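Report on one structure; see the data block that follows.
Quick note on labels: first sequence line is chain A, next is B, and so on, each numbered from 1. What you are looking at is a predicted structure, and each value in this text was computed from that prediction instead of being measured.
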Amino acid sequence: MENDYEVLQHSFYDRSNVTVIARELLGKILITSFDNEITAGRIVETEAYNGAVDRASHAYGNRRTNRTEVMFGKPGTAYVYLCYGIHHLFNVVTNKKEIPHAILIRALEPTEGISIMQDRTRKKVLDNTLTRGPGNVSKALGIFTYHSGLDLVRSDIRIVDDGFQYKKKEIAVTTRIGVDYAGPDALLPYRFIVRDNPYVSGKRR
DNA sequence: CTGACGATTCACT
DNA sequence: GTGAATCGTCAGC
């Protein structure tokens with residue numbers, strides 16, 4: 001990165017309101033540097049998962065399994081899991097140890113390493129689907145389930161603040177995608193998007 | 001051990 | 001709009 005930036009510290013993630021953090025993650029930059037290949041993008045879509053009381057969360061009812069255990073770990077930890085046997089979905093763990101909050105990163109606007117992302121995704125045509133949707137984000141940045149449990153403050157996956165901020169008017173809040181199984185909790189306003197950004201997935205309002 | 005299923009994506013009608 | 005891909009996870013037997 002050429003510009004000055006600061007890696008988000010544990011204190012950023014160690015807060016009790018997961019939706020506040022999800023909103024603040026918009027505009028931050030997610031960076032991976034594996035094998036000297038640096039890829040990065042500005043976060044433009046997130047979803048909050050409110051732990052034990054959220055039927056849409058894997059940790060609903062404080063369900064602890066091998067897979068969900070990292071959500072009960074330190075704030076600022078990566079939670080990556082396999083969806084539909086194909087897609088590796090990347091999340092950030094928030095709140096204190098033992099409180100399983102998480103935020104799904106659903107879309108990025110690419111900022112660095114675009115040709116590497118294109119190689120990884122095997123997309124022949126370069127377009128806005130490169131990092132649109134959580135499956136594409138992980139594929140483009142080279143994130144896999146074996147990265148689950150990594151400390152985002154000191155590892156090859158990091159989230160940084162370069163001082164950029166979206167204006168309040170540029171941010172919209174909607175219900176989450178693909179969580180119909182959660183009953184009433186599917187209606188919660190837990191998805192945060194940058195208005196009119198072409199990398200935002202699914203419905204735009 | 002077994003079966004059902006998923007915080008998705010893409011090709012196709 | 002519909003359906004397939006594809007496999008780890010998890011509950012239940």
side-chain N/O A:Thr65 vs C:dC10 OP1/OP2, d < 4.0 Å: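 Checking C:dC10 against A:Thr65, a side-chain N or O does come within under 4.0 Å of OP1 or OP2.
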Quick one: do [X] and [Y] make a salt bridge, cutoff under 4.0 Å?
X        : Y        : result
A:Arg120 : A:Glu37  : yes
A:Asp151 : A:Arg158 : no
A:Glu109 : A:Arg42  : no

Give one of base, sugar-phosphate or nothing for [X], where a contact means two heavy atoms less than 4.0 Å apart.
X        : result
A:Arg176 : nothing
A:Asn91  : base
A:Leu89  : sugar-phosphate
A:Leu82  : sugar-phosphate

Base paired to C:dT6 (Watson-Crick or G-U; both N/O distances under 3.5 angstrom):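 Result: none.
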Side-chain donor-acceptor pairs under 3.5 Å in residues 27-34 of chain A, sequence neighbours left out?
from	atom 1	to	atom 2	distance (Å)
A:Lys28	NZ	A:Glu24	O	2.9
A:Thr32	OG1	A:Thr39	OG1	2.7
A:Thr32	OG1	A:Leu141	O	2.9

Whole-Å C1' distance, B:dA7 and C:dG1: 22 Å
Contact boundaries on DNA chain B for chain A, cut-off under 4.0 Å to non-hydrogen atoms: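 Taking any atom under 4.0 Å from a heavy atom of chain A, the span is B:dG6 to B:dC10.
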Distance-minimising heavy-atom pair for A:Thr46 and A:Ala22: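 Smallest interatomic distance, heavy atoms only, reads OG1-O, 2.9 Å.
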Nearest whole Å is fine: how far is [N] [atom2] from [X] [atom1]?
X       : N     : atom1 : atom2 : value
A:Tyr79 : C:dT9 : OH    : P     : 9 Å
A:Tyr84 : C:dT9 : OH    : C1'   : 14 Å
A:Asn66 : C:dG8 : CG    : P     : 14 Å

Donor-acceptor pair, side chain of A:Tyr181 and main chain of A:Ala56, under 3.5 angstrom: yes
5' priority, DNA chain B, between A:Lys123 and A:Gly85 [closest heavy atom]: A:Gly85
